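Heads up, the thing below is written out as structure tokens.
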Amino acid sequence: MKNKFSTALVVGLITSQALADVPRVEPKYNEKVVEAAVEKTLDRVTKKDTAADLRSAGARDAISRYMSFLQIDPTNEKVFKNTLSRILESSTQMILCPSVVDWECLEKKPQITPTAEFRRDTDETLGQPVLVNEPLRLEYFFTKRWADAKRGLPSNNTTVAEIFGQKIRNDAKNFALLALYGIDDISGSMAPVYNAIEEKVNARVPVFGVFDVTQESAPNAFLRDYNVKVTSKSLTVDRIDELDFSYVSPKHPDAWVWGRPDWMEQLIGLDPKSMTVKVNSETGVSKYERDLNWLANPKKAAEAIRLTFQYNGTMNLMRLLNRDARDNNSSRARMEFPMETIMHNKFAVLDNGGQKSVWTGTTNVSRTCMGDESNSNMAIYIKNNEVAKTFMTEVQEMFDVDPENTRITKAKNLVTGRFHSAKRPNTKRYFRFADGHELRVHFAPTDDGEHRAILPLLLSARKGDRIRVSMFGAGGIEYVRAFQYAAAQGAKVQVLLDSVTGASPMGWMKDKTANLFDENPYSANAEPIEVKISTWVKKGLNHHKTASLTRFEKGQKNEMRAEALVIGSQNWSASGNDLNDENMVTIRHLKRSLEPADAFNREFDENMWPLAQTITKEIIAKKKAEKDSKKKSSARDDEETEEPSEE
């Protein structure tokens, strides 16, 4: 049957015409063999009727070509199946559009309906361009003190926390909407932000927020669904039948997740290891011993409550926002639920008498990210009502009561909206401004920014172009191939990773299926991809999720023009794109250099890249050998981690 879909992009990526300037490596796997593997795998990764639709529509041909382009071994059934399954869950417009720089095509409702329901547009017009009859007004801010500390210089700059706090004071006169991973150090370096919010609450300015909650199998990181009877010689642990998730006045204080039961106070200063522990439940004692020992530390137990957050000041902020709430439905601060993945956003919508603005970027509202600026980061501030409406819709979805959320078991009275895969694509994604700027907003996991924005950006690179990427945590075969293809086209590719998160076994440096140090499958003499890792002092992190594409403009002056910038909370990883609640902004200008991208390039070239450490395949092998010989774990100790895990 003749394919009704355009496969121009996929064909272009695979044919020798796309790589005319470089000696091409022969395809590793025969295209017919790949097609047969796709055909065989379709029924295993989709429902029967969906697989039939794919075959009858001819979409299989385009998907087969893309799988061939990815150079995935069709005999490696696990990797092949997982990759194909993920692609079918995603927006496949990237492999159907005639050009990867055609944003209007990329943002259309996918011609191949994603198998993941949370990726299906609720409205066919969501991707249509919104024409904004004004110029793009955007400010940008970089953390600076991490670089000064690395160079041994004193710092006296205004911190990003102080800047954000001032934005709240000046521009939240009507209301503020917050979607935050959390907040900490509220009486110290983050006081400028916390105090600004408190001033608004005291002035009766409506402030609403959604916040991340942890539920992990680590001390002080899961719901303590038990009570403890404490004596000088023994501890008796009993399970609570039902925890009270009331945001406001608790009906049962002993079971209130927002508070501290009396036994926590009694435990401070005692040593559970020297006491007899009796557990009156079916769970067993090991889980509780770890948590009880943690709580016995007076310093750590001082702020402990039944429910735990990524940052120790989040509960204070939630109590502040809910101070005047009469019941759960009138609460103004609510938590993310379910908790299996993370609500990783760090954005705010501020309204100043009708002028709305959006604060977003890579900076957590935390000491290390914007308070003392131990971490390298970038924040942006967009003054535009249309863009703000998109962010407001996202907050509203996460905040509003979700009557369909039947997954709540322990928290029957919990008031919460939609998070993670319970959300649906329902926001405008594409904005065109009067001055030629274009801007896209993608929320994860619904909008699939990886396939709509990031991969097309990398695949669009040409000879002489330059790609700069600064990333906290990342991995994935599609990313690796896109980087390799850009390098094969003649682009210079530089990737800066965080020293800890970037070195995971499944990350871009070490993944056995595909990593940045592999031989380039598209060109025999492509320049190697340059990789560095951060080595900031005071355990500072390279916390960026930022990248730029700079074009080589061939002409009399052979100029370089910064064309595009990608920034947001979303790490370039499967969890960042497919599981977490995230946001990502992509900006470009096709006729003149993009100012925030130019600024990022300067920050990258003058600070981040020269202060980082070069990494090669040989260096990784040497470090592994040293680690094995010393038999020491390279994982951070829980108590030493400066920033909560984002993956």
Side-chain angles (χ1 to χ4, degrees), residues 9-10 13-14 18-19 25 27-31 33-35 37-38 41-42 44-45 62-92 94-95 100 114-116 444-445 448-461 467 469 471 473-489 491 493 495 497 501-523 526 528-529 531 545 547 570-579 617 620 647:
L9 169 62
V10 183
L13 290 175
I14 298 170
L19 300 171
V25 176
K28 196 170 184 180
Y29 306 106
N30 182 278
E31 192 170 313
V33 175
V34 175
E35 287 180 5
V38 169
T41 311
L42 274 179
R44 298 174 57 196
V45 298
I63 292 170
S64 295
R65 289 189 181 96
Y66 184 58
M67 291 291 286
S68 179
F69 166 75
L70 293 177
Q71 302 281 329
I72 299 173
D73 183 355
T75 65
N76 188 334
E77 292 188 4
K78 182 178 180 181
V79 174
F80 195 90
K81 172 179 173 291
N82 290 344
T83 305
L84 179 59
S85 177
R86 183 169 185 261
I87 289 170
L88 293 175
E89 290 176 351
S90 307
S91 170
T92 50
M94 182 186 74
I95 63 175
V100 285
T115 57
D448 192 16
E450 178 180 328
H451 292 91
R452 279 195 164 110
I454 304 171
L455 293 174
L457 181 84
L458 300 176
L459 292 169
S460 75
I467 293 171
V469 178
M471 195 60 50
I477 188 170
E478 290 182 83
Y479 281 121
V480 172
R481 294 293 185 252
F483 282 126
Q484 291 171 329
Y485 180 77
Q489 290 287 74
V493 181
V495 181
L497 299 169
T501 59
S504 68
M506 297 182 68
W508 286 343
M509 291 194 295
K510 295 183 178 179
D511 194 289
K512 294 180 180 179
T513 302
N515 67 70
L516 297 178
F517 298 119
D518 287 345
E519 181 181 353
N520 195 312
Y522 308 113
S523 169
I529 297 166
V531 183
K545 306 95 173 50
Q570 182 173 326
N571 289 309
W572 291 13
S573 62
S575 56
N577 192 67
D578 301 345
L579 300 175
K617 197 172 186 177
I620 291 176
E647 290 299 304

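What you see is a predicted model, and the numbers here were worked out from it, not measured in a lab. All heavy atoms count here, side chains included; hydrogens, waters and symmetry mates do not.
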Inset, instruction - Locate the shortest heavy-atom distance separating S91 from H451; write the atom from each residue and the value. - result: O-CB, 3.5 Å

Inset, instruction - Can you measure from OG1 (T513) to CD (Q71) and round to the nearest 0.5 angstrom? - result: 13.5 Å

Legend entry - Interatomic distance, L84 atom CG to T41 atom OG1 [nearest 0.5 angstrom]: 6.0 Å

Inset, instruction - Decide side-chain contact (heavy atoms from CB on, under 4.5 Å) for Y66 and T92; before the verdict, give the C-alpha distance in whole Å, the side-chain angles of both, and the deciding distance to 0.1 Å. - result: CA-CA 10 Å; Y66 184 58; T92 50; over 6 Å; no

Legend entry - Nearest non-hydrogen partners of T83 and I72, listed with the distance: CG2-CD1, 3.3 Å

Inset, instruction - Using atom types as modelled and distance alone, determine if a side-chain donor or acceptor of N520 lies under 3.5 Å from a backbone N or O of A526. - result: no

Legend entry - side-chain contact (heavy atoms from CB on, under 4.5 Å) partner of F80, chosen from V38, D73, T75, L70: V38

Legend entry - Point-to-point distance, once rounded to the nearest 0.5 Å, from CG of L458 to CZ of R481: 14.0 Å

Inset, instruction - Compare every heavy atom of V100 with every heavy atom of P456, then report the nearest pair and how far apart it is. - result: CB-O, 3.5 Å

Inset, instruction - Determine the interplanar angle of the W572 and Y479 rings, folded into 0 to 90°, and report it as parallel if under 30°, tilted if 30 to 60°, perpendicular if over 60°. - result: parallel

Inset, instruction - For the residue pair M94 and D448, establish whether any side-chain heavy-atom pair is separated by less than 4.5 Å. - result: no

Inset, instruction - Go through L88 and I63 one step at a time and tell me if the side-chain contact (heavy atoms from CB on, under 4.5 Å) criterion holds. - result: CA-CA 9 Å; L88 293 175; I63 292 170; 3.4 Å; yes

Inset, instruction - Would you confirm whether Y522, through its side chain, and Q489, through its main-chain N or O, come within 3.5 Å as a donor-acceptor pair? - result: no

Inset, instruction - Say whether, by atom type as modelled, one donor and one acceptor occur between the side chain of N82 and the main chain of V79 under 3.5 angstrom. - result: no

Legend entry - Heavy-atom pair with the smallest gap, counting every atom of D578 and P445: O-CB, 3.3 Å

Legend entry - Exercise: identify the closest heavy-atom pair between K617 and D518: NZ-OD1, 4.4 Å

Inset, instruction - May I have the step-by-step check of side-chain contact (heavy atoms from CB on, under 4.5 Å) for F517 and I620, ending in yes or no? - result: CA-CA 10 Å; F517 298 119; I620 291 176; 3.4 Å; yes

Legend entry - Straight-line distance of L579 CG to S573 OG, nearest 0.5 Å: 8.5 Å

Inset, instruction - Taking all non-hydrogen atoms of both residues into account, name the closest pair between L497 and M509 and its distance. - result: CD1-CG, 3.6 Å

Legend entry - Straight-line distance of K545 NZ to M471 CE, nearest 0.5 Å: 7.5 Å

Inset, instruction - Hey, could you give me the CD/CD distance between Q570 and E450, rounded to the nearest 0.5 Å? - result: 7.5 Å

Legend entry - Validation row: F483, V531 side chains within 4.5 angstrom (heavy atoms): no

